[in-house]
Amino acid sequence: MPSQSPENRFVGAGGVVTVGICTSSAIDVQLAYDALGYAVKTAEILGVDKEEAVKWENLRNKLPEFKIGSDGRLLEWNEEFQEEQPGHKHLSHLYGLFPSDIFTPEGRKREYDAAVKSFEYRMSHESGYTGWSRAWISNICARIGDKEGFYKQIEGLLKDFATESLLDIHPDPLKPGIDPDIFQIDGNFGMVSAVFESLCGYFDGKAHFLRGLPAEWKNGHISGLKLPGGHTVSFEWKDGKVTSLEVVIGFSGSLKAVINGEEMLIEGEEGMLINVNL
């Protein structure tokens, strides 16, 4: 406290005014959870700050829970407030869904389902009316395996929110004449991220191949895609299935992957090129 869910507001004071400040908004709790977790993991890897790491872990354990509302949606604020804009362009409370992997089908299924429901609610109220917002939505669609939604967002981003030179623009229809069409690089970076996420997303410690691949991209190939652990992958797919895969093993020595619906472990020495038998 004070805390907020960036730019979105909720109806407060007996429904008379809208309010932006609260206690323990979802995004602040999720960011704190990840920051403390990264600090603990880093200390473990480097073999330093052992006493501090215990304190950080204790702090993380004391964070407020990830709350779910009466309708099954992940709450954006500390209470079940009414949004001023149900279709707000920000998806701040869904940080744990993407770019983080706090909420996954394996890790926290209950919160994952609630986050997806929150996402669907936002979309049903026409969220994604700026370029960078549509890029974020594209990433979420790819992460949850919504292939049609991913393609729709990528297509819309290129048609409606890009210049002839493909620079992302930020027109806000809610602020005509006030918020002009301005270039925002996060839309471009975000779209590239979404394409990678659709082809080979990484969460739960695993590479998920073609999880968000749309039907329109049923055949293709990509090379030199970097993954956590220092691995580099190059692969080809036909009819929506991976048909060949090369992995240059990174510093971690092993890569867990979900390929064509099956989980496998790929191991080797750093720098080793492995042609995976599919």
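FYI, the numbering just counts along the sequence from 1. Owing to the predicted nature of the structure, the values given are computational and were not obtained by experimental measurement.
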Nearest atoms (heavy-atom pairs only) where [X] meets [Y]:
| X | Y | value |
| --- | --- | --- |
| C200 | L225 | CB-CD2, 3.6 Å |
| I27 | S5 | CG2-CA, 4.4 Å |
| L94 | S118 | CD2-CB, 3.9 Å |
| N219 | K238 | OD1-CA, 3.1 Å |
| L166 | N188 | O-ND2, 2.6 Å |
| Y33 | R60 | O-CD, 3.1 Å |

Looking only at side chains, do [X] and [Y] share a donor and an acceptor under 3.5 Å apart?
| X | Y | result |
| --- | --- | --- |
| S92 | E76 | no |
| E84 | N8 | no |
| S234 | S223 | no |
| N78 | S24 | no |
| S252 | H231 | yes |

With side chain to side chain contact (heavy atoms under 4.5 Å, CB included) as the criterion, how do L227 and V233 come out once you've worked through the C-alpha distance, each side chain's angles and the decisive distance to 0.1 Å?
CA-CA 8 Å; L227 297 177; V233 298; 3.7 Å; yes
Within the structure provided, determine whether [X] and [Y] are in side-chain contact (heavy-atom separation under 4.5 Å).
| X | Y | value |
| --- | --- | --- |
| L278 | V276 | yes |
| E7 | H88 | yes |
| D168 | F189 | no |
| F103 | F66 | yes |
| E52 | K50 | no |
| L265 | L255 | no |

First locate atom [atom1] of [X], then atom [atom2] of [Y], and finally report the distance between them rounded to the nearest 0.5 Å.
| X | Y | atom1 | atom2 | answer |
| --- | --- | --- | --- | --- |
| R122 | H125 | CZ | NE2 | 10.0 Å |
| T104 | K206 | OG1 | NZ | 8.5 Å |
| D239 | K218 | CG | NZ | 5.5 Å |
| H170 | D186 | NE2 | CG | 9.0 Å |

Contacts under 3.5 angstrom, residues 133-145 side chains, donor-acceptor by atom type, not counting sequence neighbours:
{"unit_1": "S133", "atom_1": "OG", "unit_2": "K89", "atom_2": "O", "d": "2.7"}
{"unit_1": "R134", "atom_1": "NE", "unit_2": "G128", "atom_2": "O", "d": "3.4"}
{"unit_1": "R134", "atom_1": "NE", "unit_2": "Q153", "atom_2": "OE1", "d": "3.0"}
{"unit_1": "R134", "atom_1": "NH2", "unit_2": "G128", "atom_2": "O", "d": "3.4"}
{"unit_1": "W136", "atom_1": "NE1", "unit_2": "F98", "atom_2": "O", "d": "3.2"}
{"unit_1": "S138", "atom_1": "OG", "unit_2": "R134", "atom_2": "O", "d": "2.8"}
{"unit_1": "N139", "atom_1": "OD1", "unit_2": "S193", "atom_2": "OG", "d": "2.8"}
{"unit_1": "N139", "atom_1": "OD1", "unit_2": "A194", "atom_2": "N", "d": "3.1"}
{"unit_1": "N139", "atom_1": "ND2", "unit_2": "A135", "atom_2": "O", "d": "3.0"}
{"unit_1": "N139", "atom_1": "ND2", "unit_2": "G190", "atom_2": "O", "d": "2.9"}
{"unit_1": "R143", "atom_1": "NE", "unit_2": "E197", "atom_2": "OE2", "d": "2.6"}
{"unit_1": "R143", "atom_1": "NH1", "unit_2": "L97", "atom_2": "O", "d": "3.2"}
{"unit_1": "R143", "atom_1": "NH1", "unit_2": "S100", "atom_2": "O", "d": "3.2"}
{"unit_1": "R143", "atom_1": "NH2", "unit_2": "E197", "atom_2": "OE2", "d": "3.4"}

Is the distance between the ring centroids of F10 and F81 under 6.0 Å?
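Yes, ring centres under 6.0 Å apart.
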Could you tell me how the ring of H90 sits relative to the ring of W132: parallel (under 30°), tilted (30 to 60°) or perpendicular (over 60°)?
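Plane angle over 60°, so perpendicular.
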Assign the ring pair H208 / F203 to parallel, tilted or perpendicular, where the plane angle (0 to 90°) is split at 30° and 60°.
parallel
Contacts table for residues 242-249: side-chain donor-acceptor under 3.5 angstrom, sequence neighbours left out:
{"unit_1": "T243", "atom_1": "OG1", "unit_2": "E236", "atom_2": "O", "d": "3.2"}

Could you walk me through whether Y38 and W56 pass ring pair (Phe, Tyr, Trp, His ring centres under 6.0 Å), step by step?
CA-CA 10 Å; Y38 294 149; W56 299 332; over 10 Å; no
Mind running side chain to side chain contact (heavy atoms under 4.5 Å, CB included) on K67 and E80 for me, showing each step along the way?
CA-CA 9 Å; K67 297 181 179 180; E80 198 164 351; over 6 Å; no
Test log, rule side chain to side chain contact (heavy atoms under 4.5 Å, CB included), inputs I274 and I266:
CA-CA 8 Å; I274 296 178; I266 305 165; 4.0 Å; yes
Is the count of non-hydrogen atoms from other residues, nucleotides or ligands lying under 6.0 Å from N275 atom CG greater than 12?
yes
With a 6.0 Å cut-off (strictly less than), is the heavy-atom count around CD of E269, excluding the residue itself, greater than 12?
no
Could you walk me through whether K41 and E44 satisfy the salt bridge (Lys or Arg N to Asp or Glu O under 4.0 Å) test, starting with their C-alpha distance in whole Å, then the side-chain angles of each, then the deciding distance to 0.1 Å, before giving a yes or no?
CA-CA 5 Å; K41 186 65 176 178; E44 177 187 329; 3.8 Å; yes
Main-chain N/O of [Y] paired to [X] side chain as donor or acceptor, under 3.5 Å:
| X | Y | value |
| --- | --- | --- |
| S127 | M123 | no |
| R211 | L199 | no |
| D146 | G149 | yes |
| W77 | I21 | no |
| Q30 | H93 | yes |
| Q82 | V11 | no |

Charged N-O contact under 4.0 Å between K256 and E263
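Not counted as a salt bridge, because no side-chain N and carboxylate O are separated by less than 4.0 Å.
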Using 4.0 Å as the upper bound for N to carboxylate O, is an ion pair formed by E155 and K159?
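Here K159 pairs with E155 in a salt bridge, since their nearest N and O are under 4.0 Å apart.
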cation_pi(R73, Y121) dist<6.0 Å, angle<=45:
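Yes, R73 sits over the ring of Y121.
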Apply side chain to side chain donor-acceptor pair (under 3.5 Å) to the pair D101 and Y202, showing each step before the final yes or no.
CA-CA 9 Å; D101 64 349; Y202 193 92; over 6 Å; no
Verdict with reasoning, Y95 to L31, per side chain to side chain contact (heavy atoms under 4.5 Å, CB included):
CA-CA 8 Å; Y95 161 85; L31 287 171; 3.8 Å; yes
The residue among K109, R110, K117 that forms salt bridge (charged side-chain N to carboxylate O under 4.0 Å, His left out) with D113 is K109
